[in-house]
Amino acid sequence: MNRYLVTSALPYANGPIHFGHVVGAYLPADVYVRALRRQGEDALFICGTDEHGVAITIGADKNGQEYSEYVEGWHKEIEKTLTTFGIEFDIFSGTSTCPQHAEFSLEFFKRLRERGYLQKQTSEQLYCNQCELFLADRYVLGGCPECGHESARGDECPACGSWLDPLKLVSPSCRVCTNAPEKRETTHFFLDLPKLRDEAVGAWFGEKTWKPNVDAFVRKLLEDVHARPITRDMKWGVELPSDLVDGEEGKVLYVWFDAPIGYISMSAEWSAANGDPDGWKDWWQNKDTRLVHFIGKDNIPFHTLVFPSMLHGVGQDYILPWRVPANEFYNLEGGKFSTSEGWTIPLDEFFERYDPEVARFHLIASMPETSDSEWSWKEFQATANAGLADTIGNLVTRVLRFLDKHFDGVVPPVDEAHRARLEGLLLNECGAIGDPAEHITAFRFRKAAEQLLLNAAVANVFIDRTAPWKLRKTDMVEAGSVLGACCQYLGWLAHWMTPMLPGKAQALWEMLGQSGEVAELPWPGTPCAETWQLIPAGQKLGEVAGLFDKLEDAQIEAEIANLKTRALASSDEL
RNA sequence: GGCGGUGUAGCUCAGCUGGUUAGAGCGCAGAACUCAUAAUUCUGAAGUCACUGGUUCAAGUCCAGUCACCGCUACCA
């Protein structure tokens, strides 16, 4: 049997996450894991915050906070958001707090070096005495040597578009503190990606089938891959003991290098917490494990090329990714999500007014699977109202309230006299019933959401065709058979809802008078004549309530207005 | 500048290796029904598939060019 090791891109602990992050990497992974588990598969779901790097030190300094304090704040904030969305990791750790992280990261460095995959290079870089920092290109400002423009960035001149070498900028200054940086020599270690590509990783990539958006991009990249530096001179990061780096002091691992190792160290933290310190090996070094990375498109090179190179390079039988279902980007009402420009929806505010499960469902239904897509308030309203409230929610109440009124709130039997005809009608003639989990495990999330609604519509057609409100007046037994069949079908619906709408699924399950967690039962697939009756006749129903509230036009218009106000307010501040 | 992507009904998006009258949901129009959260069901209108040229018996689907938008461009994480 296969087991599934599922990761979501580590969110950077430097700010809040938004719908784009959630829909790109966390929500699909959660839905996927829920579907796998219901199908009886063994799955481990790993995530945590990425907590090192310069951007974090600058953010913390600006706030006057210790790095660890700053990171912890964002870690909690991000975790809260993900929890509200109902995303349930087996562990949500952090690269600066995971007890195993430094050890694993240093082991990677050490082994890669021993095995000849690291090169040492010395170069001159700009160093800011004030900030005590080697400046990344984008943190240097200065005059453009090409066109004379006064405020070019270290990587590119906004006026003439030239590609710049930060060392050649005229009178450079530090973008953080505005002091003039000086040139300093420094030595760094580089990961020899071309060598790893030629040895194994290139062939491995070529053999696999990737999503089209991954394939074209990486294939090109592979042709022209360069060695990448994996060390930096700074204080915040996984510190390299000087004996590992030929006596150099003050080196840390570059954050992109240690971050993906977090997937492994966090797995080790998880297994240690479960009393089995070596348990992570059963996942990471087991050929039967299918490693699945959920990421946004910005992370594609790291997860299809760089991290696999690292895993291969250490030579410890680590498995390489099985699938990388990368999503494209998610925009907001025609523009990019941008916290700094105020073009965003603060999620804490959002959740004061909206049901997280409805948001979950809408995000799944509009996921940027093949190309960029976007959050639109009107579309959200349509999903919430026409999709969830009208199609599913109304179906539930139309059946259950009918039973409350005319059948004492008890599931009626499907009488033998009508069984064959009704089951033929319901299962074959009222629309195509599909298994949402099949789409989910094939990474077709939008399709899965669509299928769930189509399945619900089948019952609406069935009810219209059988018209139990008429039958009730002529043949109470037959009316009971119809409603009984509907109850059975609602049971299926509750099952089908679990990966995408776990809370609503359980609520429906309880309305049907069922006890226990529907999510813990085996996945039923699609109904056939032998299997479709799940709920015993005579079962007393639970209390019936609306599953989904409708969203008013005025409310949605107010949200769109809010969005614009927020962007304006933010531009005034600048 | 280089590389990659996107451009399909009013809106949001599907369309795999080219093949009959180009699809879905929402919205819109009409009808049926009245059990239900004025919900549901049925029917319908609506697209020169960005533009130009090419390959082919046949192109939204391949090739070239043009335009628009987006991403990446390696010491950013």
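Chain naming here is simple, since letters A, B, ... match the order of the sequence lines and numbering starts at 1 in each.
Between A:Leu332 atom CG and B:rC70 atom C1' there is a gap of 16 Å when expressed in whole angstrom units. When the C1' atom of B:rG25 is taken as reference, atom CD of A:Glu450 falls 7 Å away, rounded to whole Å. For A:Ile556 and B:rG27, the CD1 to P distance is 13 Å, given to the nearest whole Å. Rounding to whole angstrom units, NE2 of residue A:His226 and C1' of B:rC72 are separated by 15 Å. Taking atom CD1 of A:Ile463 as the reference point, atom P of B:rC33 lies 18 Å away to the nearest angstrom. One can place NE2 of A:His439 at 17 Å from P of B:rC16, the figure rounded to the nearest angstrom. Distance A:Asp298 CG to B:rC70 C1': 13 Å, rounded to the nearest Å. Across the protein-nucleic acid pair, A:Leu490 atom CG and B:rC35 atom P stand 19 Å apart, rounded to whole Å.
The separation of B:rG7 from B:rU12, taken at their C1' atoms, amounts to 14 Å, rounded to a whole angstrom. Taking atom C1' in both B:rU52 and B:rC16, one finds a spacing of 28 Å when rounded to whole Å. Using atom P as the reference point in both B:rG30 and B:rA45, the two lie 15 Å apart (nearest Å). The separation of B:rC51 from B:rG10, taken at their P atoms, amounts to 14 Å, rounded to a whole angstrom. For the C1' atoms, the distance from B:rG25 to B:rC63 is 34 Å, rounded to whole Å. Distance noted for atom P between B:rU41 and B:rC26: 9 Å (whole Å). One C1' atom belongs to B:rC75, the other to B:rA64, and the distance between them is 39 Å to the nearest Å. Comparing the same atom, C1', in B:rU8 and in B:rA68 gives a spacing of 16 Å after rounding to whole Å.
Residues passing the side chain to side chain contact (heavy atoms under 4.5 Å, CB included) test with A:Pro172, sequence neighbours excluded: A:Leu126, A:Val140, A:Leu169, A:Pro181. Remark: A:Phe134 engages A:Tyr127 in a ring-ring contact (aromatic ring centres under 6.0 Å, His included) (not counting sequence neighbours).
Here B:rA74 is the nucleotide among B:rC75, B:rU34, B:rA74 with the atom lying nearest to any side-chain atom of A:Arg228.
Taking the six-membered ring where tryptophan is involved, the planes of A:Trp375 and A:His362 are perpendicular, since the angle between them exceeds 60° and thus also 30°.
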Quick test: give all pairs of protein nitrogen or oxygen and nucleotides 8-14 of chain B nitrogen or oxygen below 3.5 Å, distance rounded to 0.1 Å.
{"residue": "B:rC13", "atom": "OP1", "partner": "A:Glu374", "partner atom": "N", "Å": "3.0"}
{"residue": "B:rC13", "atom": "O2'", "partner": "A:Arg446", "partner atom": "NH2", "Å": "2.7"}
{"residue": "B:rA14", "atom": "OP1", "partner": "A:Thr370", "partner atom": "OG1", "Å": "2.3"}
{"residue": "B:rA14", "atom": "OP1", "partner": "A:Ser371", "partner atom": "N", "Å": "3.4"}
{"residue": "B:rA14", "atom": "OP1", "partner": "A:Ser371", "partner atom": "OG", "Å": "3.0"}
{"residue": "B:rA14", "atom": "O5'", "partner": "A:Thr370", "partner atom": "OG1", "Å": "3.4"}

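Judged purely by distance below 3.5 Å, without hydrogens or angles, the side chains of A:Lys251 and A:Thr186 pair a donor atom with an acceptor atom. Defined by atom type and a distance below 3.5 Å, a donor-acceptor pair is missing between the side-chain atoms of A:Thr95 and A:His101.
In this structure, A:Lys195 forms a cation-pi arrangement with A:Tyr117, its terminal cationic atom sitting closer than 6.0 Å to the ring centre and no more than 45° off the ring axis. Cation-pi geometry between A:Lys336 and A:Phe329 is not met at under 6.0 angstrom from the ring centre and within 45 degrees of the axis.
Outside the 6.0 Å centre-distance limit, the rings of A:His188 and A:Tyr254 are not counted as a close aromatic pair. Between A:Trp343 and A:Phe19, the distance from one ring center to the other does not fall under 6.0 angstrom. Between A:His52 and A:Tyr12, the ring centre distance reaches or exceeds 6.0 Å. Ring-centre distance between A:Tyr354 and A:Phe380: below the 6.0 Å cut-off. Between A:Tyr489 and A:Trp496, the ring centre distance stays below 6.0 Å.
Taken residue by residue, residues 472-484 of chain A places no heavy atom nearer than 4.0 Å to RNA chain B.
Among the protein residues, A:His52 comes within range of the sugar-phosphate backbone only, with heavy atoms under 4.0 Å from sugar or phosphate atoms but none that close to a base. Heavy atoms of A:Val396 sit nowhere under 4.0 angstrom from any nucleic acid atom. Looking at heavy-atom distances under 4.0 Å, A:Arg232 makes contact with sugar-phosphate atoms alone, never a base.
Residues A:Phe402 and A:Arg472 form a side-chain contact, since some pair of their non-hydrogen atoms from C-beta on lies under 4.5 Å apart.
In terms of position on RNA chain B, the residue among A:Ala382 and A:Phe329 whose nearest nucleotide sits closer to the 5' end is A:Ala382.
Side-chain N/O atoms of A:Gln125 and base N/O atoms of B:rC75 include a donor-acceptor pair closer than 3.5 Å.
Between A:Glu182 and A:Arg184 there is a salt bridge, since a side-chain N of the basic residue sits under 4.0 Å from a carboxylate O of the acidic one. Residues A:Asp355 and A:Lys504 are paired through a salt bridge, judged by an N-O separation under 4.0 Å between the basic side chain and the carboxylate.
Counting only Watson-Crick or G-U wobble pairs whose defining distances are both under 3.5 Å, the stems of 3 or more consecutive pairs in RNA chain B are B:1-7 with B:67-73, B:10-13 with B:23-26, B:28-32 with B:40-44, B:50-54 with B:62-66.
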Open item on the list: For nucleotides 36-41 of chain B, give me one character per nucleotide, 5' to 3': B if any protein heavy atom sits under 4.0 Å from the base, S if the only such contacts are to the sugar-phosphate, - if neither.
Closed with: BB-SBS

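Remark: the backbone N or O of A:Glu374 is not paired with any side-chain donor or acceptor of A:Asn331 at under 3.5 angstrom.
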